[in-house]
Amino acid sequence: MKTWRAGLLIVTLLLAAIASAHAAPPVIIGADLETSDTTSTADDAIALGVEIAIEEINAAGGVLGGRKLVLQKTDNRGIPARGRDNAIALANTPDLVAMVVSKFSAIAMEQLDVIHEQKLPMLDAWAAADAIVENTAKPNYAFRLSLTDSWAMQALLKHARSRGLYKIGVVAPANVWGRSCLAAIERDLARNRGVVVSVQSYYWGGEKTLAKHYRAIREAGAQAVILIANEADGALLVKDIASLPPADRLPILSHWGILTGRFIELSGEALNQVDLVTVTTRTLIPARNAAAKKLIARGTAYFKVDDPAKIIALPGLAHAYDLTHLLARAINKAGSTDREKIRAALESLPPYEGAIKRYQPAFTASRHEALSVQNVHIARFTADGRVVLLED
């Protein structure tokens, strides 16, 4: 009897080993993020959103009848050329079906030719330059679940007009993101009241103060400043303005680059001494379903805060989570890891109840934006470090 049982055990183990050896390989999602950027938290939020979604998808059986999803990350270090090299490496990875891009529009734009040459779906959970999605490629492999520069500038200028601020100065980086925002401002002002009295360009991440740019804007007669910046450069302007007498401090209307990292920490007490609003998307607060509640719980634990409103990169977490679930549905609809089929499937998904909203559907052949200007809102920072929508 013991010999029979031992033989059965050996056969069982052999069969298990054979099955394991022939098991389908995992399906890979790439993510090229600014991992080594010490002031950024958007990369952490985006990666966490993807990872939580992957956990849920794998727990429910994975994709394509049992294949697991895995995340493969690369570090672009905030450098466009490195981001392009990373995109090439990811595109050449077997069973990699899509690439999530970082917060940097300049890097995503640098990667566009690669993803189209390699027929690799690009998933954008943050970068806002209009041309990332509104490119000339046919078919288009770029899909975004985020805001756009056009929507951001439209919201900020509408807010300015509501406060009687019609003379605007702009502080923008001398790169593709800055140019995208300036074009969006021109389009809005062609339709609405307002004028740009001064445009000041700065070197992205390369200046120690923006005081001379602000001084030029004030001397031009601006009533407010539209700021296009990420967390480090944004904090410079906040400190420059806070150092002036209160009467000399113009309101700051900021793009959401300042939400991508340690902006509150970098600004310090100066943040409480300026009139600053930022544009953002409504995502998880208030939680609309169980998925949103789970994201809030995981996010507050990961970032070690007692309130989800203190996760200033919260949109990245929510956007990446919903994007990953949409991608999994596209993989299953495609029935394979064929990237061309997955791209087509993303354009023809059924409605999906996400953590942020109900997508009806998320994308179509003529629309690769999952959100709309209606999802864009104006927010402020509170003294205790929360980001709160003005209408809340």
Side-chain angles (χ1 to χ4, degrees), residues 34 37-45 78 103 126 152 155-156 159-160 163 165 168-173 198 200 202-219 222-280 285 299-300 302-317 377-392:
E34 67 284 0
D37 187 330
T38 58
T39 69
S40 182
T41 59
D43 58 318
D44 298 299
K103 70 180 184 181
W126 197 291
L156 290 175
H159 176 76
R163 295 172 59 177
L165 307 173
I168 303 297
V170 181
V171 176
S198 177
Q200 296 294 310
Y202 67 90
Y203 292 103
W204 177 27
E207 303 200 26
K208 296 182 178 179
T209 175
L210 298 178
K212 65 178 181 180
H213 301 300
Y214 178 71
R215 185 165 55 251
I217 283 172
R218 283 197 67 247
E219 290 173 353
Q223 297 172 302
V225 180
I226 286 187
L227 171 65
I228 317 299
N230 289 314
E231 67 278 356
D233 293 320
L236 290 179
L237 185 64
V238 166
K239 289 180 178 179
D240 290 335
I241 294 178
S243 69
L244 300 172
D248 294 338
R249 302 173 192 169
L250 298 179
I252 307 170
L253 316 178
S254 181
H255 204 320
W256 75 341
I258 62 173
L259 298 181
T260 62
R262 293 166 34 226
F263 174 70
I264 296 174
E265 177 185 343
L266 294 170
S267 298
E269 181 56 31
L271 183 56
N272 297 320
Q273 299 173 22
V274 298
D275 176 0
L276 181 147
V277 298
T278 185
V279 66
T280 188
I285 305 172
T300 52
Y302 181 90
F303 288 101
K304 297 180 175 60
V305 294
D306 58 6
D307 187 327
K310 292 182 179 178
I311 306 171
I312 67 169
L314 186 65
L317 171 65
H377 301 270
I378 300 296
R380 282 191 182 276
F381 293 91
T382 64
D384 62 349
R386 292 178 299 128
V387 180
V388 296
L389 303 186
L390 291 190
E391 56 264 41
D392 288 350

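What's counted below: heavy atoms across the whole structure, side chains too, no hydrogens, waters or symmetry copies. Just so you know, these numbers come straight off a predicted model, no measurement behind them. One is the number of the first residue; the rest follow in order along the sequence.
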Decide yes or no for L389 and I378: does some side-chain heavy atom of the first lie under 4.5 Å from some side-chain heavy atom of the second? no
Going by atom types only, do Q200 and S198 share a side-chain donor-acceptor pair under 3.5 Å? yes
To the nearest 0.5 Å, tell me how far T39 OG1 sits from F263 CZ. 11.5 Å
Going by the rule side-chain hydrogen bond (donor to acceptor under 3.5 Å, both in side chains), which residues pair with T209 if we only count those two or more places apart in sequence or in a different chain? D240
Say you draw a straight line from CD1 of I226 to CG of L165; how long is it, rounded to the nearest 0.5 Å? 10.0 Å
Parallel, tilted or perpendicular: which fits the ring planes of Y202 and H213, with parallel below 30° and perpendicular above 60°? tilted
Steps toward side-chain contact (heavy atoms from CB on, under 4.5 Å) verdict (I228, V171): CA-CA 6 Å; I228 317 299; V171 176; over 6 Å; no
Are any non-hydrogen side-chain atoms of R218 and D248 less than 4.5 angstrom apart? yes
Audit row: D43, T41, side chain to side chain donor-acceptor pair (under 3.5 Å) steps and yes/no: CA-CA 5 Å; D43 58 318; T41 59; over 6 Å; no
Distance check, rounded to the nearest 0.5 Å: R249 atom CZ versus Y214 atom OH? 9.0 Å
Atom pair CD1 (I264) and CG (N272), whose distance is rounded to the nearest 0.5 Å: 9.0 Å
Got a second to check how far L271's CG is from F381's CZ, nearest 0.5 Å? 6.0 Å
Can you tell me how far apart OG1 (T278) and CG (L253) are? Round to the nearest 0.5 Å. 9.5 Å
Please report, to 0.1 Å, the donor-acceptor pairs under 3.5 Å made by any side chain of residues 307-317, with sequence neighbours excluded.
| residue | atom | partner | partner atom | Å |
| --- | --- | --- | --- | --- |
| D307 | OD1 | A309 | N | 2.8 |
| K310 | NZ | D306 | OD1 | 3.0 |

Under a 3.5 Å distance rule, please check whether R262 uses its side chain to pair with a backbone N or O of T38 as donor and acceptor. yes
Can you see whether S40 engages K103 through a side-chain donor-acceptor pair at a distance of less than 3.5 angstrom? yes
If we only count heavy atoms from C-beta on, is the V238 to L276 side-chain gap below 4.5 Å? yes
Answer yes or no: is there a side-chain heavy-atom contact under 4.5 Å between V279 and H377? no
Stepwise side-chain contact (heavy atoms from CB on, under 4.5 Å) check, L390 with R380: CA-CA 7 Å; L390 291 190; R380 282 191 182 276; 3.4 Å; yes
Which heavy-atom pair separates Q273 from A242 by the least distance, and what is that distance? OE1-O, 3.7 Å
Just one of I217, L237, I241, V225 clears the side-chain contact (heavy atoms from CB on, under 4.5 Å) bar with L210, so which one? L237
For A229 against G234, the heavy-atom pair lying closest together: CB-N, 3.7 Å
Would a 4.5 Å heavy-atom cut-off, applied to side chains only, mark L250 and V274 as touching? no
Sidechain-backbone polar pair: N230 side chain, I258 backbone, donor-acceptor under 3.5 Å: no
